[in-house]
Amino acid sequence: MDNKNMTEKESLELITHMIQNAKYKMAENAGMPFLIWGYLCTVISLVIWFLLKETGNYNWQWMWFLLPAISFPATLWINRKKQKMARTYIDRILGYVWTVFGLGGFLITWVAVFYWSLPVLFIILLIMGMGTALTGLIVNMKVVTIGGTLGALSSLGCLFIHGFDQILLFALAFIFMMVIPGHFLNYKVKKGGGI
C-alpha cells in the first residue's frame, strides 16, 4: 500500500493491526518462559523440600542450581524459535527487565552460598515477584501484575516461616506468580490471537 494514498481510516487500521500483532507476539513470548520457570521452580522446590525433610542432608540445596541450568537454555530455545518475527521495543524492555532481575537473583544466590548467610528464598521471591509485576505493568495484563504482586508479598512469609517449610511457600508462590499467568497468557493467545 502506498503511504501517499492511505486514508486516515486505513492508517488507523494499519496501526491497530500492528499493535495487535505486537500484543500477540508479546503474549506468545511471555507465556512459555513463565511456564518453564514456574513449573520447574515448583517441582525442584518440592523435591528439595522432600529430600531435606527425609534425609536432613543440606547438600540437596545444591539442586537449586538446576533452575538456571535447565530453565535458561529452555527459555533461549523457545525464544529462538520466535525470532523470525521482528523484535518490538516492548520485547527489548522485557528482555532488559528479566536480564537485570535474573542476574540480580543469581548474584545474590552465589553471595549467600559462598560469603554470608542471607534470607535467599525471601530475596529471590521478592525479586522475581517484582519482575513479574513489572512485566504485567509493561504488557498491561492484570493477571500477570497481580500474580507478581502476590509473589512479592508472599516473600514476607519467608521471614516468619522457619526451616524447610519456607520452601513450600516458595513453591506455592511460583504457582501464583508464574504458572497461572503463563497459562493465562497462552489461553489468551489461543482464544483470540492477542492480549
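From a predicted model like this one, the values you see are computed outputs, not experimental measurements. For the single chain, residues carry numbers from 1 onward in sequence order.
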Checklist line | S155 side chain to A152 backbone, donor-acceptor under 3.5 Å | finding: yes
Notebook entry, point to check: Any side-chain heavy atom of L46 within less than 4.5 Å of one from L168?
Noted result: yes
Item checked: Shortest non-hydrogen contact from L159 toward P119 -> CD2-CB, 4.4 Å
Next item on the list: Inspect the surroundings of CH2 in W60 and state if more than 12 heavy atoms from other residues, nucleotides or ligands are less than 6.0 Å away.
Entry: no
Next item on the list: For L66 and L40, work out which heavy atoms get closest and say how close.
Entry: O-CD2, 4.3 Å
Next item on the list: Report the relative orientation of the aromatic rings in F164 and Y58; use parallel for angles under 30°, tilted for 30 to 60°, perpendicular for over 60°.
Entry: tilted
Notebook entry, point to check: Can F101 be reached from L107 by stepping across I, L, V, M, F, W or Y side chains whose heavy atoms are under 4.5 Å apart?
Noted result: yes
Next item on the list: Begin with the C-alpha distance, continue with both residues' side-chain angles, and end with the deciding distance and a verdict on side-chain hydrogen bond (donor to acceptor under 3.5 Å, both in side chains) for T109 and W64.
Entry: CA-CA 9 Å; T109 302; W64 288 114; over 6 Å; no
Note to self: Starting from F174, can I reach L153 by hopping between I/L/V/M/F/W/Y residues whose side chains sit under 4.5 Å apart?
What the structure shows: no
Next item on the list: In sequence, state the C-alpha distance, the side-chain angles, and the governing distance for V139 and L94, and then conclude on side-chain contact (heavy atoms from CB on, under 4.5 Å).
Entry: CA-CA 9 Å; V139 300; L94 291 175; 3.8 Å; yes
Next item on the list: In sequence, state the C-alpha distance, the side-chain angles, and the governing distance for W62 and V113, and then conclude on side-chain contact (heavy atoms from CB on, under 4.5 Å).
Entry: CA-CA 9 Å; W62 290 102; V113 168; 3.7 Å; yes
Check: How long is the span from the CD1 atom in I167 to the CG atom in L172, to the nearest 0.5 Å?
Finding: 14.0 Å
Check: If you measure from CD on E54 to CG on L52, what distance do you get to the nearest 0.5 Å?
Finding: 10.5 Å
Notebook entry, point to check: Is there side-chain contact between N57 and L51, with heavy atoms separated by less than 4.5 Å?
Noted result: no
Margin query: So, taking the atom named CE in M141 and the one named CG in L185, what distance separates them when rounded to the nearest 0.5 Å?
Written below: 4.5 Å
Next item on the list: May I ask you to test the D165-W49 pair for a side-chain heavy-atom distance under 4.5 Å?
Entry: yes
Check: Under 4.5 Å between side-chain heavy atoms, hopping through other hydrophobics if needed: is there a path connecting L137 to V143?
Finding: no
Check: Is M63 reachable from W37 through a run of I, L, V, M, F, W or Y residues, each pair having side-chain heavy atoms under 4.5 Å apart?
Finding: yes
Item checked: Nearest heavy-atom neighbours spanning L169 and C158 -> CD2-N, 3.5 Å
Margin query: Show the nearest heavy-atom pair for residues S154 and A173, with the distance to one decimal.
Written below: OG-CB, 3.2 Å
Next item on the list: Determine whether V144 and F34 make a side-chain contact, defined as any pair of heavy atoms from C-beta on separated by less than 4.5 Å.
Entry: yes
Check: With clusters built from Ile, Leu, Val, Met, Phe, Trp and Tyr whose side-chain heavy atoms come within less than 4.5 Å, directly or transitively, what are the remaining members of the cluster of L150, listed by chain and number?
Finding: I146
Next item on the list: State, with a plain yes or no, whether a side-chain heavy atom of Y39 is found less than 4.5 Å away from one of I175.
Entry: no
Item checked: side-chain contact (heavy atoms from CB on, under 4.5 Å) evaluation trace for I48 with Q61 -> CA-CA 7 Å; I48 291 171; Q61 298 271 17; 4.3 Å; yes
Next item on the list: Quick one: closest heavy-atom pair of I123 and I108, and the distance?
Entry: CG2-CD1, 3.3 Å
Note to self: Is it true that, when you exclude F114 itself, more than 12 heavy atoms of the residues, nucleotides or ligands shown sit nearer than 6.0 Å to its CZ?
What the structure shows: yes
Next item on the list: Ignoring hydrogens and angles, tell me if any N or O in the side chain of T149 forms a donor-acceptor pair with the backbone of A133 under 3.5 Å.
Entry: no
Check: Heavy-atom count around K53 NZ within 6.0 Å, excluding the residue itself: above 12?
Finding: yes
Margin query: Students often mix this up, so state it plainly: with edges at 30° and 60°, are the rings of F65 and F106 parallel, tilted or perpendicular?
Written below: perpendicular
Checklist line | I138 reachable from Y89 in the ILVMFWY side-chain graph, under 4.5 Å edges | finding: yes
Next item on the list: Could you tell me whether the side chain of F170 reaches within less than 4.5 Å of the side chain of C41, counting heavy atoms only?
Entry: yes
Checklist line | Sub-4.5 Å side-chain heavy-atom contact between W98 and T135 | finding: yes
Note to self: Before you tell me yes or no, could you show the steps for L126 and M130 under side-chain contact (heavy atoms from CB on, under 4.5 Å), namely the whole-Å CA-CA distance, both residues' side-chain angles and the distance that decides it to 0.1 Å?
What the structure shows: CA-CA 6 Å; L126 180 63; M130 290 178 355; 4.1 Å; yes
Notebook entry, point to check: Distance from K142 atom NZ to T145 atom OG1, nearest 0.5 Å?
Noted result: 9.5 Å
Check: Under 4.5 Å between any side-chain heavy atoms of L125 and M177, yes or no?
Finding: yes
Note to self: Just checking F176: does its CZ atom have more than 12 heavy atoms from other residues, nucleotides or ligands closer to it than 6.0 angstrom?
What the structure shows: no
Margin query: If you compare all heavy atoms of G38 against all heavy atoms of T42, which two are closest, and at what distance to 0.1 Å?
Written below: O-OG1, 2.8 Å
